[in-house]
Amino acid sequence: MTRALQVWLWLVLVFNAIGGVMAIVSALLIPLMWIVVVAEVLVVAGASMLLFPRKKVGFYLICAGAAVSLITNIIVGGNIVGSVVSAVIMPLIIWLLIKNTWYEFK
């Protein structure tokens, strides 16, 4: 695993954990936002699985969490541009950083 990938995954882990806590606050007012909380948990779990046990399924969890969050934000009418950027750019950067070392992951 490259240093750039480790740094990016730590950033994803921290910022999505913070986003998950903020989504919990929003979910108290908008019940549909609980789905975003679940999506943030998926992303955090995926980043953790890529960082620590180095499992490929972590990448798929990140992609699934980003997609669920995007769909929910579109339905709720949240920050659609930010959601699209997050749902596309975050997994794309991870893929670009991981593609040369994909064989290292189980």
Side-chain angles (χ1 to χ4, degrees):
M1 179 181 306
T2 64
R3 176 69 63 197
L5 178 60
Q6 286 179 335
V7 169
W8 181 252
L9 288 173
W10 275 106
L11 288 172
V12 167
L13 185 75
V14 169
F15 283 110
N16 282 286
I18 292 168
V21 171
M22 290 172 37
I24 289 172
V25 173
S26 296
L28 297 174
L29 300 173
I30 305 168
L32 190 61
M33 289 299 287
W34 284 108
I35 298 172
V36 174
V37 173
V38 171
E40 295 292 341
V41 168
L42 284 175
V43 173
V44 169
S48 297
M49 290 183 77
L50 282 173
L51 274 170
F52 303 116
R54 296 189 180 183
K55 300 281 187 178
K56 290 179 183 179
V57 72
F59 178 72
Y60 302 121
L61 284 174
I62 290 172
C63 292
V68 168
S69 181
L70 172 66
I71 292 167
T72 306
N73 281 327
I74 289 172
I75 291 170
V76 171
N79 184 1
I80 295 172
V81 174
S83 297
V84 169
V85 168
S86 176
V88 173
I89 298 296
M90 179 186 52
L92 180 64
I93 291 172
I94 292 171
W95 174 248
L96 291 174
L97 292 171
I98 205 172
K99 70 179 182 176
N100 293 334
T101 57
W102 186 251
Y103 63 89
E104 293 179 12
F105 296 86
K106 300 174 192 163

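Throughout, numbering of the chain's residues begins at 1 and tracks the sequence.
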Acceptor/donor pairs from residues 98-106 side chains to any protein atom, 3.5 angstrom cut, sequence neighbours excluded:
unit_1 : atom_1 : unit_2 : atom_2 : d
T101   : OG1    : I98    : O      : 3.3
E104   : OE1    : M1     : N      : 2.5

**Prompt:** Do V14 and V43 belong together in a cluster built from hydrophobic side chains that touch within less than 4.5 Å?
**Reply:** no
**Item:** Path from L61 to F52 over hydrophobic side-chain contacts below 4.5 Å
**Value:** no
**Prompt:** According to the side-chain hydrogen bond (donor to acceptor under 3.5 Å, both in side chains) rule, which pairs have a member within residues 2-18, sequence neighbours left out?
**Reply:** R3-Q6
**Message:** When you measure from the side chain of S69 to the backbone of G65, do you find a donor-acceptor pair of N or O atoms at a distance under 3.5 Å?
**Reply:** no
**Message:** Test of understanding: clusters of I, L, V, M, F, W, Y form through side-chain heavy atoms closer than 4.5 Å, transitively. Do L42 and L51 belong to the same one?
**Reply:** no
**Request:** Looking only at non-hydrogen atoms, find the nearest pair between A66 and M90 and report the distance.
**Result:** CB-CE, 4.1 Å
**Asked** Do the side chains of V41 and L70 join up, straight or via other hydrophobic residues, at under 4.5 Å, putting them in one cluster?
**Response** no
**Request:** Output, in order, the C-alpha distance, side-chain angles, deciding distance and verdict of side chain to side chain contact (heavy atoms under 4.5 Å, CB included) for V12 and I93.
**Result:** CA-CA 11 Å; V12 167; I93 291 172; over 6 Å; no
**Message:** With rounding to the nearest 0.5 angstrom, report the NZ to OG distance, K55 to S48.
**Reply:** 14.0 Å
**Request:** Indicate if I89 and I62 have the same hydrophobic cluster label, given that clusters are the connected sets of ILVMFWY residues with side-chain heavy-atom separations under 4.5 angstrom.
**Result:** yes
Show me the donor-acceptor pairs within less than 3.5 Å that the side chains of residues 27-38 make with the rest of the protein, sequence neighbours left out.
unit_1 : atom_1 : unit_2 : atom_2 : d
W34    : NE1    : A27    : O      : 3.4

